Amino acid sequence: MTLLLIGIGIGLLAGSLFAGRNRPLLYLAMAGLLGYVVVQDRAAPQKSAVAGGGAESAAVDGEGAAAEAADAGGAIGDPAAAGGSTAGAAAGPGGALAQPKGLECSRGKNGGATDTGVTADKIKLAATVVQSGIGASFLGQSPVGIQAVVRKVNSSGGICGRLLDIKLVDDGWQADRGLTFIRNFINEGVFALPVTPSSEGLTAAIESGDISKAGIPVVGSDGMLIQQYRDPYVWPVATATISTMRVMARHAYDKGARSFGIVYDKFYRFGREGAEAFKQYVESKPGAQLKAYTGILPGQASYSSDIQSFNTACNGQCDMVALLLEPSTAETWIAGRPQFGTMITSGSQTLFNERFASNCGKPCSGMLVWTGYNPPVGTLASDPAVAAYVNDVKSVSPTVDTTNQFLEGAYLGMNVFVEALRKVGPQLTRARLKQVLDSMEHPAGVSAPLSWKPGKHHANIRAQAFSIVVAQGSFAGFGPGSGFLADPALE
C-alpha cells in the first residue's frame, strides 16, 4: 500500500509538470504505475511465511494448499500432503515449529480439534501392554513408566492446555490380540500410540500395513523386533535386540573368546532374530566358531534333552555363552545345569531385572546382563536424569524394580513423545509430529544421546553390561558396568 501511494504521488507530480507540454510522458508515467501495481498484486500471494517468525499459516482457515490436501485425503496442517511444502511449519527457535497467527500454547487458544484424537483440552492416546502371560515377567512393569510421565505432565496442566488421556490394554504378548486392539485404537480415533510395550502385536500391525495406512505415530517403542526401525511412523528409543546380540558377541570376542554358544527362544521372534544376528557376527570374525546353537520353546517344565545336546556341542569349550530368553524360561534352563561360558556368560535385555537375578541366585554369579540404558547402578544412580526417572516411577509404584530395562525404556519413550508434542506446539497434527520426530535429538541421561532422521530410526545403537553380584548365595545387586559399546554393524 505504501508503494502504491508513492507511485500515485509520482504520477500526479509528473502530470502537473508535463500537462499541456508533453502529454505522452504523462501517459507513459501512468502506464508504468499501473503495470507496477498489477505485478505487485500478483506476486504478493507467493511470499512464504518466515520460519520462527510467527507468520500466519495457510491452514488457519482451511484455504489454499492445505484445504486442497485435506480434500485429497490429507489432514489440514499436513505440509507433506500439500505438495511437500513446509513453509507453514518450519522449525523455529529451540526446534519448535512455527504456529499459525492467533494460536497460543494455552487452554482456549490452542486451536481446539486440530487432528484425529485432539480436542481443546485432551489428546487421546492408547497402547498395548503385557500384564499377563509369559512376557509379563519382563514387560509387566512398563505401564508404570508410561503412567509416571503422564501423571507428571497432567499435574502441570498438560501440553498447551491439553491433558494426556491414555488407554492401556493388556494383550498378553499375543500378536493376534495385539493387532486387534491396535486396529480398534485406530478406529476409535486415537491420535498416537506412545511406547506400546507389547512388541508382538505392534509388529503384526506394522507388517499388515495398519500403522502406515493410518499414519498413526508410534513413539518410544521397545525395539525388540527389527520392523520397528523400518516403519516411517515408528520411532524406537531402545537398542534393537539384534544390535544388543552383536554387541554381546563383539564384547566377548574383544575379550579373547573364540568359541561361542547360544540358547534362544525359538517361538518368539525376538529370539529368532537376535540369534541369527549373533550367529552372523560370530561367523564373520577370524578364528571364531559357533559351537552350540540351540533354540528352545518357552514355558517348558524341563529342558533336559536340549541341555544335553547343548552341553555336547560345547564340550566344555564354549568361551562365551549367550542366553536370549525371557526370565522364567531362563530360570528353568539354568536349573537344568547347562554349561556356562568358560570366560563369559551373557544375558540379553530381557534378563536385566532384579527378579531374574534374585530367582537365579548363586548359579548366575558373575553373569553379565545387558541394557541399552543407564540404570540406577553405582555412580549412574546420581546422574540427574537417572535420579529423576527413579523418583518419578516410584511416585506411581514405590516397590517397582528401577533396574528393569523395559520399565526404563517405557519412561524414556514417553518422555520423548512428550518432548516432541511440546515442540509441535498448539497446532497439533500427526504430520507436524512426524516432522518434529524426524529431526529430533534427545540428550544423554537415561540413555546415550539419541537422534532420529527420515529413514534412520536407529536412534539407540549402544548397550552396556553389568554383572550379577551374589553374596552368601543370594543376589546382592549389580556390579560395575562395561560402559556403552556400539553395534558394530551400525556405528
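Here the structure is a predicted model, which is why all the values come from computation and not from measurement. Atoms considered below: every heavy atom in the structure, side chains included; atoms not considered: hydrogens, waters and symmetry mates.
Side-chain contact of Gln228 with Asp222: a donor-acceptor pair under 3.5 Å is present, judged by distance alone. With 3.5 Å as the limit, one finds no donor-acceptor pair spanning the side chains of Thr294 and Asp306. Between the side chains of Thr244 and Gln349, at least one donor N or O lies within less than 3.5 Å of an accepting N or O. There is no side-chain donor-acceptor pair under 3.5 Å between Trp452 and His457. Using modelled atom types, one finds no donor on one side chain facing an acceptor on the other under 3.5 Å when comparing Thr241 with Glu273. Thr429 and Asp115 form no side-chain donor-acceptor contact under 3.5 Å, judged by distance and modelled atom types alone. A donor-acceptor contact closer than 3.5 angstrom links the side chains of Asn460 and Thr239. Between the side chains of Ser346 and Trp370, at least one donor-acceptor pair of N or O atoms lies under 3.5 Å. Judged by distance alone, the side chains of Gln141 and Asn353 never bring a donor and an acceptor atom under 3.5 Å apart.
Between Ile344 and Leu368, some side-chain heavy-atom pair lies under the 4.5 Å cut-off. Within the 4.5 Å cutoff, no side-chain heavy atoms of Gln131 are placed close to those of Ser142. With contacts defined as side-chain heavy-atom distances shorter than 4.5 Å, the pair Val263/Ile296 qualifies. Side chains of Met224 and Leu202 form no contact here, defined as non-hydrogen atoms less than 4.5 Å apart. Two residues are said to be in side-chain contact when any heavy atoms from C-beta on lie closer than 4.5 Å; Ile159 and Val418 meet this criterion. Counting heavy atoms from C-beta outward, Ile226 and Phe270 have side chains that stay 4.5 Å or more apart. Between Met440 and Val416, the closest side-chain pair of non-hydrogen atoms falls below 4.5 Å. The closest side-chain heavy-atom distance from Phe191 to Ile216 is not below 4.5 Å.
Taken to the nearest 0.5 Å, the CZ atom of Arg246 stands 5.5 Å off from the CG atom of Leu490. Between the CG atom in Leu225 and the CD1 atom in Ile206 there is a gap of 8.5 Å [rounded to 0.5 Å]. Atoms CG and OG1, from Asp121 and Thr119 in turn, are 4.0 Å apart once rounded to the nearest 0.5 Å. Interatomic distance, OG1 of Thr128 versus CZ of Arg177, reported as 10.5 Å (0.5 Å rounding). Taken to the nearest 0.5 Å, the CG atom of Leu179 stands 8.0 Å off from the CG atom of Asp176. Of the inter-residue distances, the one linking Ile307 atom CD1 with Ser302 atom OG reads 6.5 Å to the nearest 0.5 angstrom.
Under a 4.0 Å N-O distance rule, the pair Arg272/Glu276 does not qualify as a salt bridge. With respect to Asp165 and Lys124, no salt bridge is recorded, no charged nitrogen being found less than 4.0 Å from a carboxylate O. Taking 4.0 Å as the cut-off between side-chain N and carboxylate O, Asp392 and Lys152 count as a salt-bridged pair.
Identified under the side chain to side chain donor-acceptor pair (under 3.5 Å) test for residues 191-210, with sequence neighbours left out: Asp171-Ser198, Trp173-Ser199, Arg183-Asp210, Glu207-Gln227, Glu207-Arg269, Ser208-Asp210.
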- Message: Quick one, Ser221 with Val237, criterion side-chain contact (heavy atoms from CB on, under 4.5 Å). Give me CA distance, side-chain angles, the key distance, then yes/no.
- Response: CA-CA 6 Å; Ser221 59; Val237 295; over 6 Å; no

- Message: Test side-chain contact (heavy atoms from CB on, under 4.5 Å) on Val130 and Phe138; report intermediate values, then the result.
- Response: CA-CA 9 Å; Val130 184; Phe138 64 98; over 6 Å; no

- In sequence, state the C-alpha distance, the side-chain angles, and the governing distance for Val400 and Lys394, and then conclude on side-chain contact (heavy atoms from CB on, under 4.5 Å). CA-CA 6 Å; Val400 73; Lys394 285 197 169 186; 4.3 Å; yes

- Yes or no on side chain to side chain donor-acceptor pair (under 3.5 Å) for Glu441 and Ser451, after CA distance, side-chain angles and deciding distance? CA-CA 4 Å; Glu441 295 184 357; Ser451 65; 5.4 Å; no

- Does the ring-ring contact (aromatic ring centres under 6.0 Å, His included) test come out yes or no for Tyr293 and Tyr264, once each step is laid out? CA-CA 8 Å; Tyr293 189 75; Tyr264 64 94; 5.0 Å; yes

- Tell me, with the steps shown, if Gln427 and Thr114 meet side chain to side chain donor-acceptor pair (under 3.5 Å). CA-CA 6 Å; Gln427 191 190 7; Thr114 54; over 6 Å; no

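Smallest separation of non-hydrogen atoms from Met248 and Met320: O-CE, 3.9 Å. The two residues Gly372 and Phe484 come nearest to each other via the heavy atoms O-CE2, 3.7 Å. Shortest non-hydrogen contact noted between Ala126 and Pro194 is O-CD, 3.6 Å. Between Asn311 and Gln339 the shortest heavy-atom distance is OD1-N, 2.8 Å. Here the closest heavy-atom approach between residue Leu324 and residue Gly271 is recorded as CD2-O, 3.3 Å. Scanning all heavy atoms of the two residues, the minimum distance from Ala238 to Tyr229 falls at O-OH, 2.7 Å.
Screening Tyr303, Trp333, Phe340 for a ring-ring contact (aromatic ring centres under 6.0 Å, His included) with Phe310, the sole residue that qualifies is Trp333.
Panel note: side chain Ser474, backbone Ala471; no donor-acceptor pair is recorded below 3.5 Å. In this structure a side-chain-to-backbone donor-acceptor pair under 3.5 Å is missing from Ser365 to Lys362. Here the side chain of Arg422 pairs no donor or acceptor atom with the backbone of Cys160 at under 3.5 angstrom. The main-chain N or O of Gly341 is found under 3.5 Å from a side-chain atom of Thr345 such that the two form a donor-acceptor pair. No donor-acceptor pair under 3.5 Å is formed between the side chain of Asn154 and the backbone N or O of Leu163. The backbone N or O of Ser328 sits less than 3.5 Å from a side-chain atom of Thr332, completing a donor-acceptor pair. Distance alone, capped at 3.5 Å, is enough to place a donor-acceptor pair between the Arg107 side chain and the Gly161 backbone. Looking at Ser482, its side chain does come within 3.5 Å of a backbone N or O of Ala465 through a donor-acceptor pair. Put simply, the side chain of Asp170 gets close to the backbone of Gly172: a donor and an acceptor are under 3.5 Å apart. Using a distance-only test at 3.5 Å, with no hydrogens or angles considered, a donor-acceptor pair links the side chain of Ser309 to the main chain of Ser305.
Phe185 does not carry Lys167 over the face of its six-membered ring by the limits of under 6.0 Å from the centre and within 45° of the normal. For the pair Lys285 and Tyr253, the cation-pi criterion (under 6.0 Å, within 45° of the ring axis) is fulfilled. Under a cutoff of 6.0 Å and an axis angle of 45°, Arg250 and Tyr281 do not form a cation-pi pair.
Taking the centre of each ring, Tyr389 and Tyr373 stay at or above the 6.0 Å mark. Annotation: Phe478 is in aromatic contact with Phe475 [ring centroid separation under 6.0 Å].
Classification of the Phe278-Phe260 ring pair by plane angle, with boundaries at 30° and 60°, yields perpendicular.
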